[in-house]
Colleague: 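The structure follows.
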Number of protein chains: 2
Amino acid sequence: MKLETDLSTLSLAILGLISQRPLTGYDLRKVFLTTPMGHFSSSPGAIYPALRRIEEAGWIRSVAAQGQTRRQRVVYEITACGLETLQQHLSRPVTSEDVVWHMDDLMMRFAFMDGIVGRERTVRFLEDFASQIDAHVADLRRYFEGAKSILPACGKLAMENGIQSYEMNAQWARRAIKELQ
Amino acid sequence: MKLETDLSTLSLAILGLISQRPLTGYDLRKVFLTTPMGHFSSSPGAIYPALRRIEEAGWIRSVAAQGQTRRQRVVYEITACGLETLQQHLSRPVTSEDVVWHMDDLMMRFAFMDGIVGRERTVRFLEDFASQIDAHVADLRRYFEGAKSILPACGKLAMENGIQSYEMNAQWARRAIKELQ
DNA sequence: GTCCGCATGTAAGGCGTTACATGATTAA
DNA sequence: TTAATCATGTAACGCCTTACATGCGGAC
């Protein structure tokens, strides 16, 4: 019964979705099952405990469910505090650690920025994202130059894949900046 | 004290590295700290328990450490059973679930194929990989066509990033096939 | 003789996975 | 009335994370 202080990828997904409109746990499940957001997570044994934790943190609250029947439904909406938390989370600078270990998280942060943080911050995020990737790609290339003579064929190809993936992400970010302006 | 039956990403990394040459836990740590393999994992609280589990499964065994001093060192080498397990794991077909949820794992499987599974199987892996990605990209595009009118700008851009990432991976796989032949 | 790096671990906690449980409502 | 779907959960388990603990050996 510890309060959640940071946002796991799943919690971010949940809070982001609820920030767009009030949802029940079942609604969230459906989103995860039927959209590419399901990438990031899966199902009931994770979602309901996460909802509980987020509610205990004060970021969402359950509201009376006035559907047409008195069927058991718990609808959650975001609180002012939750919105602020989300804004702060999405405004965090992009660190090199993020780029190395949490690319999924970064992409999710970006996906929820509409209407939560201004266009200016969104663009700044993409700029930071691109330049952190550039730095990381430079590291990877440095390592690769030294190691490619001893790497086996598949290892080498796997590394090339990694480098290309990062480069593609940087290119995407720069295109996205232009598109947002 | 359950026996490990499947390979977590970390366990696969460890078993794959030890299959290349005998290593200590500390050696593994250094690899994770100093090479891009560190992407997939991190450190001592994960590595040592994982080594223990893999040893209990019978896939590696500790051998006498005959360094120049009698310093405490535990060197692990792969067993025949471990090699077989690794071969089977790397030979598993690429499923659509793998592509949706475990791309990291797939890339790691590929990176360790040299000398473990034949070139033929390696190429087959890449072919399956590419065609599973094609199928998944088709799904994503289908969803995207239906949703892009209601997706917010950042959501749309994030989806485009996802699709492009997958497409890049399929292209990479097809280039890799040519290079391996 | 003290400090840093080598080398191996343990303990607590968090969170996701799988599988199961429960009951209410609607359509056949 | 039976089955499928809606809707919400719990329990056990596994594994990773962070932080801490411990002791040897070499360099200065």
Side-chain angles (χ1 to χ4, degrees), chain A residues 1-15 22-34 37-57 60 62 64-76 97 100-102 104-105 108, chain B residues 1-15 22-34 38-57 60 62 64-76 97 100-102 104-105:
Chain A
M1 126 108 214
K2 211 323 210 61
L3 284 193
E4 186 146 3
T5 57
D6 198 14
L7 281 169
S8 71
T9 305
L10 176 59
S11 296
L12 172 57
I14 291 175
L15 193 56
L23 292 170
T24 69
Y26 195 72
D27 293 334
L28 288 165
R29 276 193 73 189
K30 277 187 296 189
V31 172
F32 291 135
L33 288 172
T34 61
M37 291 228 41
H39 262 334
F40 296 105
S41 157
S42 66
S43 289
I47 292 172
Y48 291 102
L51 277 170
R52 181 74 49 91
R53 287 196 303 274
I54 299 170
E55 188 181 23
E56 272 166 13
I60 58 176
S62 52
Q66 51 221 27
Q68 52 274 55
T69 67
R70 76 214 115 73
R71 170 84 136 289
Q72 184 190 21
R73 290 183 91 230
V74 186
V75 181
Y76 292 96
E97 286 77 33
V100 176
W101 281 302
H102 309 299
D104 286 3
D105 247 89
M108 189 121 96
Chain B
M1 128 99 222
K2 210 324 208 63
L3 286 192
E4 187 147 359
T5 57
D6 199 12
L7 283 169
S8 71
T9 306
L10 177 59
S11 297
L12 172 57
I14 291 175
L15 193 56
L23 292 170
T24 69
Y26 195 72
D27 293 334
L28 288 165
R29 277 192 73 188
K30 276 187 297 189
V31 171
F32 290 135
L33 287 172
T34 61
H39 261 335
F40 297 106
S41 157
S42 66
S43 289
I47 291 173
Y48 290 102
L51 277 170
R52 179 77 47 93
R53 287 195 304 274
I54 299 170
E55 188 181 20
E56 272 166 12
I60 57 176
S62 52
Q66 51 220 28
Q68 51 274 55
T69 67
R70 74 213 118 68
R71 171 80 138 291
Q72 184 190 19
R73 290 184 90 232
V74 187
V75 181
Y76 291 96
E97 286 78 33
V100 176
W101 281 301
H102 308 300
D104 286 3
D105 246 90

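Not measured: the values here are computed from a predicted model. Letters A, B, ... are given to chains in the order of the sequence lines, protein chains preceding strands, and every chain is numbered from 1.
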Colleague: Distance check needed: C/dA7 P versus B/Tyr76 OH, whole Å only.
Modeller: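 For the pair B/Tyr76 OH and C/dA7 P, the rounded distance is 14 Å.
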Colleague: Nearest of C/dT8, D/dC16, D/dA7 to any side-chain atom of B/Ser8?
Modeller: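 Shortest atom-to-atom distance from the side chain points to D/dC16.
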Colleague: Out of curiosity, A/Arg52 CZ to A/Ile60 CD1, how far, rounded to the nearest 0.5 Å?
Modeller: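 Interatomic distance, A/Arg52 CZ to A/Ile60 CD1, rounded to 0.5 Å: 10.5 Å.
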Colleague: Write down the distance between CD1 (A/Ile47) and P (C/dC15), rounded to a whole number of angstrom.
Modeller: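 Between P of C/dC15 and CD1 of A/Ile47: 15 Å.
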Colleague: From NE2 of A/His39 over to P of C/dG16, roughly how many Å is that when rounded to an integer?
Modeller: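 Result: 17 Å.
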Colleague: Rounding to a whole Å, what distance do you find between A/His102:NE2 and D/dC16:C1'?
Modeller: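 That distance rounds to 12 Å.
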Colleague: Nearest-Å distance, CG (B/Leu33) to P (C/dC6)?
Modeller: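 Result: 11 Å.
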Colleague: Between A/Tyr26 and D/dC6, does any side-chain N or O lie under 4.0 Å from OP1 or OP2?
Modeller: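 So the side-chain polar atoms of A/Tyr26 do come within 4.0 Å of the phosphate oxygens OP1 or OP2 of D/dC6, strictly under.
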Colleague: Between P on C/dG14 and CD on A/Glu56, what's the gap in Å once rounded to a whole number?
Modeller: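 Rounded to whole Å, this separation is 12 Å.
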Colleague: Would you indicate, yes or no, if C/dC15 has its OP1 or OP2 atom less than 4.0 angstrom from a side-chain nitrogen or oxygen of A/Arg53?
Modeller: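 Yes, within the criterion.
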Colleague: Side chain of B/Arg52: nearest nucleotide among D/dA7, C/dG9, C/dA7?
Modeller: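 Closest nucleotide among those given: C/dG9.
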Colleague: Please determine, for the side chain of A/Thr24, which listed nucleotide (D/dT10, D/dT8, C/dT8) has the closest atom?
Modeller: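 Looking only at side-chain atoms, A/Thr24 lies closest to D/dT8.
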Colleague: With heavy-atom distances below 4.5 Å as the criterion, would you say the side chains of B/Tyr48 and B/Val74 are in contact?
Modeller: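 No, every pair of side-chain atoms sits at 4.5 Å or beyond.
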Colleague: Counting only side-chain nitrogens and oxygens, does A/Ser43 get under 4.0 Å of the OP1 or OP2 atom of C/dT18?
Modeller: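 The answer is no; no side-chain N or O of A/Ser43 sits under 4.0 Å from OP1 or OP2.
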Colleague: Give the nucleotide from the list C/dT17, C/dT8, D/dA7 with an atom nearest to the side chain of A/Ala46.
Modeller: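 When the side chain of A/Ala46 is considered, C/dT17 is the closest of C/dT17, C/dT8, D/dA7.
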Colleague: Would you compute the distance between atom CD1 of B/Ile14 and atom CD1 of B/Ile54 and round it to the nearest 0.5 angstrom?
Modeller: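 Here the interatomic distance stands at 4.5 Å.
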Colleague: In whole angstroms, how far is the C1' atom of D/dC6 from the CG atom of A/Asp27?
Modeller: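 Roughly 11 Å, once rounded to whole Å.
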Colleague: Please state how far atom CD in B/Glu55 lies from atom P in C/dT8, giving the value in whole angstrom units.
Modeller: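 So the CD-P distance, B/Glu55 to C/dT8, works out to 12 Å.
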Colleague: Can you check side-chain contact (heavy atoms from CB on, under 4.5 Å) on A/Lys30 and A/Asp27, steps first, answer last?
Modeller: CA-CA 5 Å; A/Lys30 277 187 296 189; A/Asp27 293 334; 3.8 Å; yes
Colleague: Where the side chain of A/Leu10 is concerned, which of C/dA7, C/dG16, C/dT8 is the nearest nucleotide?
Modeller: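 Side chain of A/Leu10 sits closest to C/dG16.
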Colleague: Run the side-chain contact (heavy atoms from CB on, under 4.5 Å) check on B/Ile47 and B/Phe32 step by step: do they pass?
Modeller: CA-CA 10 Å; B/Ile47 291 173; B/Phe32 290 135; 3.6 Å; yes
Colleague: Answer with base, sugar-phosphate or nothing: what part of the nucleic acid does B/Gly45 contact at a heavy-atom distance below 4.0 Å?
Modeller: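 Since a base atom lies under 4.0 Å of B/Gly45, the category is base.
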Colleague: Select from A/Pro44 and A/Thr9 the residue whose nearest nucleotide in DNA chain C is closer to the 5' end of that strand.
Modeller: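 Result of the comparison: A/Thr9.
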